[in-house]
Amino acid sequence: MENGITPVRVRFAPSPTGHMHLGSARTALYDYLLAKKTGGKFILRIEDTDQKRYVEGAEQELIEGLRWLGVDFDEGPDIGGPFGPYRQSERKGIYLKYAEQLVESGHAYYCFCTPERLTKVREEQQRRKEAPHYDGNCRNIRIEEARQRIEKGEKHVIRFKTPKEGTTTVKDLLRGEITVENRTLDDYILVKSDGWALYHLAAMVDDHLMKITHVIRGSEWLPSLPLHSLIMQAFNWPEPVWVHLSVFLKPSGKGKMSKREKDELLKDGYSIFIKDLKDLGYLPEAVVNWVSLMGWSFDDHTEFFTLSDLIDKFSLEQLNPSPAAINFSKLDHFNGLHIRNLTDEELARRITPFFTAKGIKTDAEKMKKIAPILKERIATLDESVEMAGFFFKDKVLPAVEELVPKGLTPAQAREILLESHIILSAVGNFSHKEAEEPMRAYVESSGFSAGQVFGVLRVAITGQKVSPPLFESMEIIGKEVVLQRLQQSIRLIDQE
RNA sequence: GCCCCCAUCGUCUAGCGGCCCAGGACGUGGCCCUCUCAAGGCCAAAACAGGGAUUCGAAUUCCCUUGGGGGCACCA
């Protein structure tokens, strides 16, 4: 609640098990905004206690994703900080120590049940239509006996001794108090038989040690919130402010994104993965703006925000607890807005890699001239290649059937091209204004419509039916090349 | 099956008892502008899941139903 005044310490704690997606991006963003707003610290902590699920390169992708978005962290694995290390795999010993402390104080116990036995217990419970849970077999083994068995090398885990009676009430900032009956909770494992701590223990220990004041995470954690609260209580540690964000649903709003749907999305030029979004031509500014509004709002009409606007305006009180369907057409909209918010120089710089990726050599000067006429007609950066590739090609190859549009005969199209060639040849200063003026006069006298004349010219000069404004384009291409291309098109018609 | 959460236009949302026969945005449709495509401008259709209760008064509070989501691992 002490938002806006006291500096917070918040952490984004992903596990390096796959690609960074929109949900992570939003959580990290809110963390960052809250930290910046309060003059606090934003920490990146890698939750890699599960060796089996580790994915090579995932941590790097996470860091790159955050940097790309502009969501910079103050402490983290690659930059260090006063509460490191920031990779849980490097903190193994710490967790074990705290787990044993819990055993000592009677809040946890050693359990010697084999995975086989547990599976059997669960199967039986399912058969009886009971909720699967640990049956408490080792709950009351005396600590001395347990120590002896461990000494003899018996495999064991450490379990939390969840109270069997009563209720646990925890407060979530968005939902208020949540109360559960303790008997519906399980004796969760804190430390595995290989000595690695599980999330429930590791995260609580780290949050405490790293002096985390607000835990912002996805609502999939809500069911284990009582456990986490109980663990904190067992240690006698103060609890952070708990903030559970709503989940993202698939665009239809029915259920969450499945593997198959992710593939389908990519076919439409969309993705929930941050690295894909970058390659698809989305601006980090737009992704930030868009994602910030899924579960948060400022007022009833303001929607365009830069990162610094968001730092200024963000507040936990305006978070919305209900699930949100991902709306990609709105991302396109925001991308357009942010593209138009870029300076010409900046836009030129951002679209250049997309040309390079398609094997098109660009030049910076020309690109700067193209940027302004491209700006309001692209929704994503990669569209600029399709729209403006012709500026950098030595040759364009207009299709004859496009050169001769419906309603015109080849002879008429030829006439337009020839007349235009004569008129444009006579233009001294080849600016779009000076070229357009005599061409307009020609349209008037020719009996053709502006659409017909300029349409033929567009195809002849750009090789495309859709392009940036004709005369601005011609100015950038230059008189010489324009005339060459007109001649080429006349030849093309003649050859038919 | 059990536990928890959520519920306003197709979608994201504003609304925190009277300002609401519900506002904005995306998308959709129409018109204007126009050399194509856009951008931009204007207009339109489009929602308080249902039922009780509280109250002079409910989208806003409470209960139930329904629907949706999440969770029930030696994963996070």
Side-chain angles (χ1 to χ4, degrees), chain A residues 13-17 47-50 52-53 88 111 113-115 118-119 122 125-126 128-133 155-159 172 174-175 178-181 183-186 188-194 196 198-200 202-203 217-226 244 246-247 249 251-256 290 293-304 317-318 320-334 336 340 374-379 383 387 436 439-440 443 449-459 462 464-471:
Chain A
S15 60
T17 51
E47 311 241 322
D48 55 351
T49 51
D50 187 3
K52 287 192 288 290
R53 295 211 309 156
Q88 291 190 327
C111 169
C113 295
T114 62
L118 295 176
T119 315
R122 260 195 293 273
Q125 287 165 340
Q126 302 239 291
R128 285 193 307 245
K129 296 238 196 279
E130 281 175 28
H133 64 279
K155 280 247 183 198
H156 64 281
V157 301
I158 298 177
R159 282 184 187 273
D172 173 80
L174 310 191
R175 297 155 234 270
I178 296 166
T179 300
V180 296
E181 308 251 1
R183 63 180 164 75
T184 66
L185 267 23
D186 208 348
Y188 300 92
I189 292 173
L190 263 21
V191 179
K192 293 187 273 184
S193 57
D194 61 7
W196 283 98
L198 247 27
Y199 175 90
H200 301 304
R217 54 178 8 178
S219 69
E220 64 270 21
W221 291 109
L222 226 32
S224 43
L225 177 58
H244 291 86
S246 63
V247 289
L249 271 26
S252 68
K254 303 252 180 270
K256 61 174 184 180
W290 174 56
L293 257 9
M294 304 182 70
W296 174 84
S297 61
F298 176 63
D299 59 18
D300 65 349
H301 65 280
T302 319
E303 291 208 319
F304 182 88
E317 277 67 37
Q318 298 164 89
N320 184 324
S322 47
I326 299 174
N327 184 190
F328 284 98
S329 60
K330 198 146 186 176
L331 171 60
D332 284 330
H333 172 249
F334 277 121
R340 274 168 258 135
L374 217 50
K375 206 181 248 181
E376 52 198 35
R377 57 201 88 234
I378 54 171
E383 285 172 11
M387 184 74 86
E436 183 165 1
M439 284 304 301
R440 290 276 174 198
V443 167
S449 72
Q452 288 173 320
V453 172
F454 299 147
V456 171
L457 283 191
R458 179 186 320 283
V459 174
T462 68
Q464 302 168 184
K465 282 167 86 173
V466 173
S467 83
L470 225 209
F471 293 101

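In what follows, chains carry the letters A, B, and so on, assigned in the order in which the sequence lines appear, proteins first and then strands, with residues in each chain numbered from 1. These numbers were taken from a predicted model, which means no experiment stands behind them.
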message: Each nucleotide in nucleotides 66-76 of chain B should get exactly one letter: B, S or -. Can you fill that in based on protein heavy atoms under 4.0 Å?
response: ---SBSSSBBB
- prompt: How does protein contact run along nucleotides 36-47 of chain B, one letter per nucleotide 5' to 3', with B for base contact, S for sugar-phosphate only, - for none, heavy atoms under 4.0 Å?
  reply: BBBSS-------
I'd like the [atom1] distance from [M] over to [N], given in whole Å.
N: B:G71; M: B:G24; atom1: C1'; answer: 35 Å
N: B:C75; M: B:G15; atom1: C1'; answer: 40 Å
N: B:C5; M: B:C9; atom1: P; answer: 22 Å
N: B:G18; M: B:U55; atom1: C1'; answer: 12 Å
N: B:C42; M: B:U61; atom1: P; answer: 35 Å
N: B:A14; M: B:U8; atom1: P; answer: 10 Å
N: B:G51; M: B:U66; atom1: C1'; answer: 10 Å
N: B:A47; M: B:C64; atom1: P; answer: 29 Å

From [X] [atom1] over to [Y] [atom2], what is the distance, rounded to the nearest 0.5 angstrom?
X: A:R175; Y: A:L222; atom1: CZ; atom2: CG; value: 5.0 Å
X: A:L293; Y: A:E303; atom1: CG; atom2: CD; value: 5.0 Å
X: A:D50; Y: A:Q88; atom1: CG; atom2: CD; value: 11.0 Å

- prompt: Does B:C19 have a Watson-Crick or wobble mate here (both distances under 3.5 Å), and if so which one?
  reply: none
message: Going by purine N1 to pyrimidine N3 plus the second Watson-Crick contact, or the G-U wobble pair, all under 3.5 Å, which nucleotide sits opposite B:A7?
response: B:U66
- request: Round to the nearest Å and state the distance from A:D299 atom CG to B:A14 atom P.
  value: 10 Å
message: Under 3.5 Å, is there any donor-acceptor pair linking the side chain of A:Q126 to the base of B:G1?
response: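 Checked by distance alone, the answer is no.
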- prompt: NA contact type, A:G218, heavy-atom cut-off 4.0 Å: base, sugar-phosphate, or nothing?
  reply: nothing
task: Give one of base, sugar-phosphate or nothing for A:R128, where a contact means two heavy atoms less than 4.0 Å apart.
output: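 If one applies the 4.0 Å heavy-atom cut-off, A:R128 turns out to touch nothing in the nucleic acid.
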- prompt: If you take all heavy atoms of A:Q125 and A:P132, which pair is closest and at what distance?
  reply: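 It is OE1-CA, 3.4 Å.
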message: I want to verify a distance call: between B:C35, B:G23, B:C26, whose nearest atom is closest to the A:S329 side chain?
response: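 Looking only at heavy atoms from C-beta outward on A:S329, the closest nucleotide is B:C26.
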Pairwise side-chain contact, A:K155 with A:P115, heavy-atom cut-off 4.5 Å (strictly under):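 No. Closest side-chain heavy atoms not under 4.5 Å.
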- prompt: Taking for each residue the nucleotide of RNA chain B bearing the nearest heavy atom, is the 5' side occupied by A:R175 or by A:S297?
  reply: A:R175
query: Of A:N320 and A:F334, whose closest RNA chain B nucleotide lies nearer the 5' terminus?
result: A:N320
- prompt: Any idea how A:F454 and A:F471 line up, ring-wise: parallel (<30°), tilted (30 to 60°), or perpendicular (>60°)?
  reply: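 Answer is perpendicular, since the angle exceeds 60°.
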